[in-house]
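Worksheet: the structure to be examined is printed underneath.
Per chain, numbering begins at 1; letters A, B, ... match sequence-line order. Because only heavy atoms are used, hydrogens play no part in the values below, and waters and symmetry mates are left out as well, while side chains stay in.
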Amino acid sequence: MLKIKNLHASVGDRQILRGVDLEVPTGEVHAIMGPNGSGKSTLSYVLAGRDGYDITEGEILFDGEEILDKPAEERAALGIFLAFQYPLEIPGVATMTFLKAALNAQRKARGEAELTTPDFMRRVKGAAEKLNVTQEMLRRPLNVGFSGGEKKRNEILQMALLEPKLAILDETDSGLDIDALRVVSDGVNALRSPKRSMLVITHYQRLLDHIVPDVVHVMSAGRIVRSGGPELALELEAKGYADYVGAAA
Amino acid sequence: MAAVQETVDQVRRIDVDQYKYGFVTDIESDRAPKGLSEDIVRYISARKNEPEWMLEWRLDAYRRWLTMNEPTWARVHYPKIDFDDLYYYSAPKSTKGPKSLDEVDPELLATYEKLGIPLREREILAGVEGASDRRVAVDAVFDSVSVVTTFKEELKKAGVIFCSMSEAVREYPELVRKYLGSVVPVTDNFYATLNSAVFSDGSFVYVPEGVRCPMELSTYFRINEKNTGQFERTLIIAEKGAYVSYLEGCTAPMRDENQLHAAVVELVALEDAEIKYSTVQNWYPGDKDGKGGIYNFVTKRGDCRGARSKISWTQVETGSAITWKYPSCILRGDDSQGEFYSIAVSNGYQQVDSGTKMIHLGKRTKSRIISKGIAAGRSDNTYRGLVSAHRKASGARNFTNCDSLLIGDKCGAHTVPYIESKNASAVFEHEATTSKIADDQLFYCMQRGLSSEEAVALIVNGFVKDVIQQLPMEFAVEAQKLISISLEGSVG
């Protein structure tokens, strides 16, 4: 599904990604862990196509297709979804309106018919109930005045509706208490499927107690420096990142 | 959001040149000689067969104007206007006060059709099945004259007078004499005084006591002729307990030179009367390099003369190279209310200096100001507003909310509020925010599949929602589209 080869990216003079190699096969859940500043979030932005990064070397293949020259909205329509660490607020635009605009924009880009309002409402309702997203929340302006937990649930709701092939979760656990973490993780787990891959980016092991990955990668100083099974996360939890910070320098 | 999609589709269709009203109508005109003098004022008055008192009124204004200087306090910059290099009167040759649609030049009818303004009553009736309250009566003003007013007869049955200003001067002189200049005096300001001297046409509305005007009234202004100033004058009077909703729309062809538009609008609301005045202003804004465009220097003022009266201004400003405009309310009657809802969009090299004045004179008067400025390109967008309470205005209340949205980093948004209170019991609240469409917000939307155009349309629609809701339904959708069109190409 996703193949990243020797990816180098920089912002201005600062090199952040220094040769990332990563492969996520279809249906697998991979976690990327690493100390602050190792380039985890940058990797998620570069994958999603955010402006402002110079890609100096390397390639990203999605379903065998090079995507680096595609704008963000085309990548979204191909099935790449990023759950933001800090979801953005859009005043005056009801959450429901936003969901519909996004879903229909993607459908249109893929040459599919737009959903009728009743069809759309049915889908939202089904997905929202599972995530404890109330009708009242859907009427409120997107993310405006939402609590940390509400924002993250709203991200997962969008993921459920947009049905991406690859979901990237960027520090989805940050700012969540234990109960909210459970709701969000359950939501994510419900979306695990043999056809869908996930890339879970996190600083802490605790999220991986809930969303158990197939593979764990350790990122440091802009590269993947080690990969292993779920047990690698536990090892990191016990020892910290000190070894890796040293190793990369 | 269907409107967003529609907007984006429409923007695509419009192609390279976003101003779709930029065509010129090829029609023979009758023009006064260039320049301004007492003779020109006499010429205009004579062309309109005005009574002597009207001519005297104009001449007084003209003499006064000669002693005045152009105001320079607004945050707008433009080369000095040569007032002797303009035509002050231009009328399509074929229309000498048309009596019915059949007498109107087909070329003119075609022009309005192209603009999407229906003037044939038959067609309007045919197009709207049974929904009698959806009809809109239109007064079409082309350069200096009103070419036709629709639904006049039907309105007359309800006792409502809706006609061109020229006709009102001739047919209803007692009303005109009583109210003209009673809200915006001849001496008010440089442009209003100029308008008083040379105003050519405009709309006149009189709604008698207790009458709720049975349909929306609307005036559509079009400047066609080159180097021509348009000086229209609108006067709306709502007698005790009357209600009227009025909408004004404007466009002009694309021309390299700047055209001057200096209108005066006066509203008078007597006891318990309500006037709702909406504007969708889409004068030609100039090209992408800032060449051409309309200079829009307008004085609009409403007088809540009677107790419990209400005047509400709603404006969507997307056009003009320069906008200088402050629709205001004088809250004279006790318990009267004034409202101002505004969306001002500027792009390219447009300059907007707009806002309102709420003058609280009566007891327990209330006013509300919601202003949304959106600046893109290299434009400058200023909100300038005055809220004042006079000594007797005990219990006066105002709520002001001014929000500015910046798109890109070469534009400017400015807020200049003036607040004066001479009464200790007045309560004035002022809120202001300035925000920028952040790259993060755009990226968030695009990550969800929206194009950058769709993302901007969505964010802007959210930003202006409070004001759009104030517009009559039919115009709300139109206004939304217009805003997005105006902002086309502002990102990326």
Side-chain angles (χ1 to χ4, degrees), chain A residues 44-45 47-53 70-110 112 114 117 141-144 151 154-155 157-159 161-164 167-168 170, chain B residues 1-9 12 341 343 370 372 374 401-409 431 433-470 476 479-480 483-484 491-492:
Chain A
S44 70
Y45 288 144
L47 283 171
R50 181 177 170 154
D51 285 340
Y53 297 97
K70 292 186 191 302
E73 71 267 29
E74 281 182 34
R75 298 188 201 189
L78 286 176
I80 296 178
F81 178 89
L82 171 62
F84 282 60
Q85 182 179 3
Y86 304 108
L88 278 295
E89 300 183 357
I90 306 188
V93 176
T95 302
M96 189 75 102
T97 305
F98 181 77
L99 294 176
K100 194 170 177 201
L103 187 56
N104 279 334
Q106 291 201 14
R107 292 179 69 93
K108 213 170 132 190
R110 291 194 292 259
E112 299 162 13
E114 292 192 7
T117 302
L142 185 69
N143 291 327
V144 177
K151 283 185 182 173
N154 193 19
E155 291 294 288
L157 171 63
Q158 294 179 45
M159 175 172 150
L161 279 173
L162 296 171
E163 303 179 311
I168 306 160
D170 187 9
Chain B
M1 184 178 261
V4 173
Q5 196 44 53
E6 232 175 285
T7 299
V8 171
D9 291 346
R12 290 219 177 91
Y341 297 98
I343 299 170
I370 308 286
K372 307 275 181 179
I374 302 167
N401 174 291
C402 287
D403 295 331
S404 306
L405 185 67
L406 298 168
I407 304 176
D409 53 10
E431 290 175 2
T433 66
T434 299
S435 51
K436 195 168 180 284
I437 291 191
D439 291 344
D440 283 352
Q441 263 177 325
L442 285 177
F443 172 60
Y444 187 69
C445 294
M446 289 164 72
Q447 207 299 307
R448 297 303 185 249
L450 301 173
S451 67
S452 62
E453 276 174 6
E454 288 168 326
V456 170
L458 186 82
I459 294 168
V460 168
N461 277 330
F463 178 72
V464 301
K465 200 174 122 205
D466 299 348
V467 175
I468 291 284
Q469 282 170 344
Q470 298 297 326
Q480 255 180 354
I483 290 165
S484 301
V491 175

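Between the side chain of B:N401 and the backbone N or O of B:E431 there is no donor-acceptor pair closer than 3.5 Å. Side chain of B:Q447 to main chain of A:I80: a donor-acceptor pair is present (N/O by atom type, distance under 3.5 Å, no hydrogens or angles).
Using a 4.5 Å cut-off between heavy atoms, B:Y444 touches chain A through backbone and side chain atoms alike. Proximity to chain B is absent for every atom of A:P164, based on heavy atoms less than 4.5 angstrom apart. Proximity to chain B (any heavy atom under 4.5 Å) is shown, for A:I90, by both the backbone and the side chain. In this structure, no portion of A:R75 lies under 4.5 Å from any heavy atom of chain B. Looking at A:A48, both its backbone and its side chain come within 4.5 Å of chain B, counting heavy atoms on both sides. With a threshold of 4.5 angstrom between heavy atoms, A:E74 does not approach chain B through any atom at all.
Other residues, nucleotides and ligands contribute at most 12 non-hydrogen atoms within 6.0 Å of the CG atom of B:D439.
Atom CG of residue A:L99 and atom CG of residue A:N154 lie 6.5 Å apart, to the nearest 0.5 angstrom. A:L142 contributes atom CG, which lies 9.5 Å from atom OG1 of A:T97 (distance to the nearest 0.5 angstrom).
Ionic pairing of A:K100 and A:E114 is not present here: no N-O contact between side-chain nitrogen and carboxylate oxygen is shorter than 4.0 angstrom.
Listed options B:D440, B:V464, B:D466 were ranked by heavy-atom pairs under 4.5 angstrom with chain A; first place goes to B:D440.
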